[in-house]
Amino acid sequence: MTGPLVPFREIVLKVHSRCDLACDHCYVYEHADQSWRTRPKTISDEVIFRTAQRLAEHAKTHALPSVSVILHGGEPLLAGPARLRRICEELTAAFEGVAELDLRIHTNGLQLSPRYLDLFSEYEVKVGISLDGDREANDRHRRFADGRSSHPLVLKAVELLRQERYRHLNLGLLCTIDIENDPRAVLDALVELDPPLIDFLLPHATWDEPPPRTDGSRTAYADWLLAVFDRWQEQGRPVPVRLFSSVLSTLSGGPSLTESLGLAPTDLVVVETDGQLEQVDSLKSAYEGAAATGFDVFTHAFDEVAAHPGVRARQLGLDGVSETCRSCPVVRSCGGGLYTHRYKSVDAVDPARAFDHPSVYCDDLEALVRGIEERTSASAVPAAVADPAELGAEQRDLTRTALAVLHSDLDGLGGDHWAAAWELASTVEGSEGGSRGLDEALAHPYARSWLHDALSAVHEERPGAGRVAWRLSSYVAAAVVRAGLDLAVPVAYRDGVLALPGLGSLRIDGPRDDGTAQVRVTDDGFLVRRTGDGRQGAFERRIVRGGAAGRDWLPVRRLGGGDAPGSAPRWVLDDLDPYRDCFPARPAARLRQDEADRLGAGLDRAWARIAKRAPRHAAEMAESLTTVTPLNGPAPGEPSVGRHGYGALGIRPDDSAEQLSHALLRGHRRAKLRALLDVTDLYAADGSWEHRTPWQEELVPFSRLLAETYERVALGAFEPHYLDGVPQAIETLERAAELTVSGKQLLDLMRKEV
């Protein structure tokens, strides 16, 4: 088995191997593996010490920031307060200065008392309690050996844990599902106890010993859980439910939140009371010795266990599930189910194949994932997927957020100049018209390029990283000019040039000179002034709004269009901004006026072609595309999209009108897809599968097939032959496991476009 070793971040420490209940669904006592009969009842001092040392050594070797240790059984409270204190002391001492220690205990709660909870409070041991619902539900399985109910004692433990002095220790409730119980009543009973978390667990079963099913229903467990989900939704999701949160997370492209679902590699190992190191405990449901590794804490390091074939099999992610599961669209959410639930003894002659099956709950898991998706897809999809205006707003929010993060991360590194510019930005923000002016200045596509470059410089601790802060004053000055505010703005200039984003640039000094000048609005434009300081002479220049280029002033120009209906948009031709180098191709030098005029005429003709053949795309483009930048290098008709900055497009300035038509359509779609990926996950686990493209018979990752299909849909409105193969591509994408709920919404919109 290949792949890097996955260190253990979670340890189940069996502190007592017996229990004071006789639950008939318990995998430890009632299933195939009966090794508990030969184990010591209580963990010894030597096992405690060796476990603590081995685990701290493992954490240090892998530089783990934290490790969770779950005290388990049997019933761990039967070990008694003195033994539990010894465990906490040894583990705490071993981890001192090595890693953070997260101690937990899973208990049936019968023995819980202030004596235990005071100890747990001392060592911050979080407490999870097993409870299957109301009395009727809990009594179905969780009884004493003589048949008595355990429910009153469990409720007493839960109420004790809810007391103010112990509330911080409350980990939540673990509920094993029984489909004979009323799902709504079970949830109501658990929610009434106000736990911080509810964890629903499928009863352990295999293909040899399948779970009971009402009327033989293939989806009985999904139906039960979906009834719980519906009730949970009705109640306004009053308590986090781990199983539901995990499915919702993976549907949106996020990680799994539980070992029983998802493709994340397992990072758990079990230490038995005799020091034996075993795989995940639920394997005891499969067959005698299924969890065994042959290792122990006395003679083996945890790394040796991590390399065990059985452990590695649960760390392979997608490669560790069956072929059936790998081709299933919901595999990212269900992960093939819990490893134990895949066991089928017909293949036991080859242990590696005995678990090479879908889960015995396969139909339930698929129905559960699809049921949750159907119930939540509308609310889970960001409005930006369907609404171009909302996408633009989301992009502006991202820019504002990046600016706030830069301000926080600079933490004084920007010096007095940044502090003054930030304070002035706040003044502009609060003035009449100033907020809009600042929005317009920051909406300039290359603002995000500057912010990302600045953040990278600060995070990478580049020499002179604080100098990136100079740019903020330029945006504040641009905002003041746009809003016509009566404010004097000190603006830093670099290499002799004062840049006002989206407006133009002014040569003040020589190419190696830096300094500060003042910008102030006038009746017909703005004034730039710098007083002499001994080293530099005085400078003053009045810029007329909309004025032509002069000896030292280069304005940002506008191309094409006019006010007549159907005219092309008035796009900004930005061949000045120093952060326009965010494209894969190299920015061209500033165009001569005749070159700019030719480009503008070409864009007008290209726009007329698009507006005639693909009017909907033209309308959307007019709303979102604001800036074009000439580039050197792209192939004819091939646009370039920057790393950041929704609204900008890089093009060849000498393309024909026909080539510009294709470049605008392609570029707009690429920019929009990139912007969507900034605000939502359209897919996850990209590259885990390959898909065939209908137009080239080539195997490509999901991201490429989606991008090409999305682009072809737009081009197809312009030239229909581009739609050849698009319906088949959309069908392939819809069946793909990588797709998220947001991605499905995008595909629905693409179908409507076609």
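Just the heavy atoms: all of them, side chains too, but no hydrogens, waters or symmetry mates, feed the values below. In this text the structure is predicted, and so the values were computed from the model without any measurement.
L101 has its side chain within reach of V69: a pair of non-hydrogen atoms, C-beta onward, lies under 4.5 Å apart. Counting heavy atoms from C-beta outward, L131 and N138 have side chains that approach closer than 4.5 Å. Counting only heavy atoms from C-beta outward, the side chains of R39 and K14 never approach each other to under 4.5 Å. With contacts defined as side-chain heavy-atom distances shorter than 4.5 Å, the pair V247/F229 does not qualify. Between D397 and V679, every side-chain heavy-atom pair lies at or beyond the 4.5 Å cut-off. Between T376 and Q233, some side-chain heavy-atom pair lies under the 4.5 Å cut-off. Under the 4.5 Å side-chain criterion, counting only non-hydrogen atoms from C-beta, Y361 is not in contact with L368. In this structure the side chain of P114 reaches within 4.5 angstrom of the side chain of L160, judged on heavy atoms.
Here OG1 of T214 is found 3.5 Å from CD1 of I179. Values are rounded to the nearest 0.5 Å. Interatomic distance, CG of L174 versus CD1 of I129, reported as 9.5 Å (0.5 Å rounding). In this structure, OG in S322 is found 7.5 Å from CZ in R342, a value given to the nearest 0.5 Å. The CD atom of E394 sits 10.0 Å away from the CG atom of L676 when rounded to the nearest 0.5 Å. To the nearest 0.5 angstrom, Y123 atom OH is 10.0 Å from L103 atom CG. One finds the CD atom of E75 at 9.5 Å from the NE2 atom of H72 (value rounded to the nearest 0.5 Å).
Within a 6.0 Å radius of CD in E10, more than 12 heavy atoms belonging to other residues, nucleotides or ligands are found. Counting non-hydrogen atoms of neighbouring residues, nucleotides and ligands closer than 6.0 angstrom, the CD atom of E100 reaches no more than 12 such neighbours. Atom CD of E234 is surrounded by more than 12 heavy atoms from other residues, nucleotides or ligands within 6.0 Å. Within 6.0 Å of CZ on R162 lie more than 12 heavy atoms contributed by other residues, nucleotides or ligands.
Checked by atom type, the side-chain pair S742/T740 shows no donor-acceptor distance below 3.5 Å. A side-chain N or O of R140 and one of N181 form a donor-acceptor pair less than 3.5 Å apart. A donor-acceptor pair shorter than 3.5 Å cannot be found between the side chains of D363 and Y221. No hydrogens or angles considered: nothing links the side chains of D132 and H141 as a donor-acceptor pair under 3.5 Å. Under the 3.5 Å distance criterion, with hydrogens and angles disregarded, a donor-acceptor pair is assigned to the side chains of D139 and S149.
Ring geometry, Y287 versus Y343: the interplanar angle falls from 30° to 60°, so the pair is classed tilted. The aromatic rings of F702 and H691 stand perpendicular to each other, their planes meeting at an angle above 60°, with 30° marking the opposite boundary. Ring-plane geometry between W232 and F244 is classed as tilted, the angle between the planes lying from 30 to 60 degrees on a 0 to 90 degree scale.
Residue P76 is tested with V15, L13, I87, I70 for a side chain to side chain contact (heavy atoms under 4.5 Å, CB included); the sole match is V15. Applying the side chain to side chain contact (heavy atoms under 4.5 Å, CB included) test between L187 and each of V228, D182, V239 identifies V228 as the sole match. Of the candidates L110, L173, T107, L193, V154 forms a side chain to side chain contact (heavy atoms under 4.5 Å, CB included) with just one, namely L110. With V125 as the fixed residue, the side chain to side chain contact (heavy atoms under 4.5 Å, CB included) test singles out one of I105, D102, L169: I105.
Side-chain atoms of R332 come within 3.5 Å of backbone N or O of T250 as a donor-acceptor pair. In terms of modelled atom types and a separation under 3.5 Å, the side chain of R326 and the main chain of V321 share a donor-acceptor contact. In this structure, Q395 contributes its side chain and A675 its backbone to a donor-acceptor pair below 3.5 Å. Distance alone, capped at 3.5 Å, places no donor-acceptor pair between the S252 side chain and the S249 backbone. When atom types are taken as modelled, the side chain of T258 and the backbone of L261 share no donor-acceptor pair closer than 3.5 angstrom. The closest donor-acceptor contact from the side chain of S246 to the backbone of L257 lies under 3.5 Å.
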Subject >> side chain to side chain contact (heavy atoms under 4.5 Å, CB included) between I11 and V269, worked out >> reply: CA-CA 5 Å; I11 313 299; V269 67; 3.3 Å; yes

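Residue pairs meeting the salt bridge (Lys or Arg N to Asp or Glu O under 4.0 Å) criterion with at least one member in residues 242-253, sequence neighbours excluded: D199-R242. Within the structure, salt bridge (Lys or Arg N to Asp or Glu O under 4.0 Å) pairs that include any residue of residues 200-216 comprise R213-D364 (at least two apart or interchain). A salt bridge (Lys or Arg N to Asp or Glu O under 4.0 Å) check over residues 726-735, counting only residues at least two apart or in different chains, returns the pairs E734-R751.
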